Enquirer: 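Structure in structure tokens, see below.
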Amino acid sequence: MSFLTVTYALLFYVATAVLIGGLIYRIRLYARTPAPLKIPTMPAPTTQTGVVLRMAREVVFFESLFKSNKWIWIFGWMFHFALVLVLMRHLRYFTEPVWTWVALIQPFGKYAGFAMVAGLAGLWARRIVVERIRYISQPSDHLMLALLLAIGLSGLTMKYVAHTDIVSLKAFILGLMYFDWQPLPPDPVLVIHLSLVIVLMLVFPISKLLHAPGVFFSPTRNQVDDSRDHRHLAPWAAKLESTGK
Ligand code: HEM
């Protein structure tokens with residue numbers, strides 16, 4: 001087994017553990033954070049079903065972003081939608097036999113790589129060109145965009161410029177999953193793509209990318225407008241009240 005294979009196999013295990021462990025830790029923290037006040041952004045749904053629908057519109061269409069800024073919405077939605085397609089397309093490297101629906105979306109996923117890169121380029125241009133946004137942009141805002149852009153560009157390079165050995169790569173990935181290690185093809189572009197993905201997995205649980213799970217815990221979006229029907233008590237406050245302390 002080559003040094004490259006062993007190194008990347010171990011790196012993938014560590015990165016996966018950090019990503020999953022980190023996300024569980026963060027999500028538990030979000031779930032336990034008290035929301036003492038009723039603060040849904042108005043107009044807000046008056047039923048739980050309404051909240052589910054509102055959240056679905058937010059997650060699928062980025063509704064509130066659409067209402068506030070059309071340019072960021074276009075680039076942001078294009079990037080996220082394309083990312084979902086690209087990731088679904090990548091499932092073929094992790095499954096044998098490949099599921100039918102994954103095979104069916106392959107042609108769309110292929111072009112989604114370009115949409116993903118275009119969306120990221122637009123979002124980055126905004127941080128550089130719009131003075132107000134440039135002023136409030138942190139180095140990490142730029143770094144996250146650079147990282148995602150570099151992953152997209154290295155992926156597109158493999159797809160359209162310097163093809164990689166997909167069959168061996170798939171054997172490597174399946175080997176990691178079944179603890180039966182297979183050699184990683186020593187292709188420079190592939191190694192760059194995978195290294196950047198490992199960095200992404202490691203930083204995800206300490207980055208702004210946590211907005212992905214975080215949006216579900218936003219009190220301004222997930223609360224029902226029923227403050228005139230029910231007294232709102234955060235669970236921790238209810239516990240204090242019932243024990244009389
Ligand atoms: C372990 C994880 C990953 C592996 C093994 C992997 C592998 C690959 C390979 C082999 C290609 C070339 C496809 C071809 O020639 O047909 C590719 C393309 C691409 N990858 Fe990845 N990748 C991974 C994760 C990611 C992630 C997390 C992203 C995005 C954040 C990403 C974005 C892309 C893009 C945009 C393309 C070009 C479009 C496409 O072929 O779908 N990859 N990837």
Side-chain angles (χ1 to χ4, degrees), residues 4-20 22-23 75-96 98-99 101-124 140-205 207-213:
L4 184 78
T5 301
V6 175
T7 310
Y8 276 80
L10 294 176
L11 281 174
F12 264 116
Y13 286 142
V14 172
T16 307
V18 169
L19 178 68
I20 295 176
L23 277 180
F75 288 122
W77 196 80
M78 181 157 67
F79 158 64
H80 284 88
F81 185 69
L83 176 68
V84 170
L85 265 177
V86 165
L87 292 180
M88 290 196 309
R89 184 175 128 81
H90 275 62
L91 281 177
R92 71 187 170 132
Y93 308 131
F94 299 83
T95 50
E96 186 54 47
V98 174
W99 303 325
W101 68 268
V102 175
L104 288 175
I105 57 151
Q106 291 301 313
F108 309 102
K110 227 158 61 181
Y111 303 107
F114 290 105
M116 179 183 143
V117 165
L120 285 168
L123 291 173
W124 207 358
S140 79
D141 294 321
H142 292 286
L143 282 172
M144 282 301 138
L145 287 163
L147 180 62
L148 289 164
L149 203 56
I151 294 177
L153 289 174
S154 54
L156 286 172
T157 307
M158 278 187 287
K159 178 81 201 126
Y160 294 100
V161 185
H163 293 295
T164 194
D165 182 351
I166 302 268
V167 176
S168 305
L169 166 76
K170 178 160 179 172
F172 169 75
I173 298 282
L174 290 177
L176 288 183
M177 291 166 56
Y178 294 105
F179 300 102
D180 171 23
W181 291 5
Q182 302 297 320
L184 172 65
D187 166 14
V189 188
L190 175 64
V191 172
I192 292 175
H193 191 67
L194 296 187
S195 306
L196 295 168
V197 170
I198 288 168
V199 172
L200 179 67
M201 291 165 81
L202 290 172
V203 300
F204 200 99
S207 75
K208 61 184 285 186
L209 304 180
L210 283 166
H211 67 268

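Both backbone and side-chain heavy atoms feed into the values below; hydrogens, waters and symmetry mates do not. Here the structure is a predicted model, which means the values were calculated and not measured. Just follow the structure's listing: the first ligand is 1, and inside any ligand the first atom is 1.
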Enquirer: Using a 4.0 Å cut-off on heavy atoms, what residues surround ligand 1? Order them by chain and number.
Expert: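 Residues Phe12, Leu83, Val86, Leu87, Arg89, His90, Arg92, Tyr93, Phe94, Gly109, Gly113, Met116, Ile151, Gly152, Gly155, Leu156, Met158, Lys159, Thr164, Ile166, Leu169, Ile173, His193, Leu194, Val197 each place a heavy atom under 4.0 Å from ligand 1, listed by chain and number.
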Enquirer: Looking at Ile198, Val203, Leu202, Leu23, which hits side-chain contact (heavy atoms from CB on, under 4.5 Å) with Val18?
Expert: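 Considering Ile198, Val203, Leu202, Leu23, a side-chain contact (heavy atoms from CB on, under 4.5 Å) with Val18 is found only for Leu202.
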Enquirer: Could you tell me whether a side-chain N or O of Ser154 sits under 3.5 Å from a main-chain N or O of Val189, the two making a donor and an acceptor?
Expert: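 No, because the side chain of Ser154 does not come within donor-acceptor range (under 3.5 Å) of the backbone of Val189.
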Enquirer: Just verifying a value: how many Å separate Leu11 CG and Ser195 OG, rounded to the nearest 0.5 Å?
Expert: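 If I round to the nearest 0.5 Å, the distance is 8.0 Å.
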Enquirer: Within the 4.5 Å heavy-atom criterion, are Lys170 and Val98 side-chain neighbours or not?
Expert: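 Counting from C-beta outward, Lys170 and Val98 do come under 4.5 Å.
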Enquirer: Fit a plane to each ring of His90 and Tyr93, take the angle between them on a 0 to 90° scale, and name the class: parallel (under 30°), tilted (30 to 60°) or perpendicular (over 60°).
Expert: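 Correct class here is perpendicular.
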Enquirer: Among all residues two or more places apart in sequence or in another chain, which pass the side-chain hydrogen bond (donor to acceptor under 3.5 Å, both in side chains) test with Thr164?
Expert: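 Thr164 satisfies side-chain hydrogen bond (donor to acceptor under 3.5 Å, both in side chains) with Asp187 once adjacent residues are dropped.
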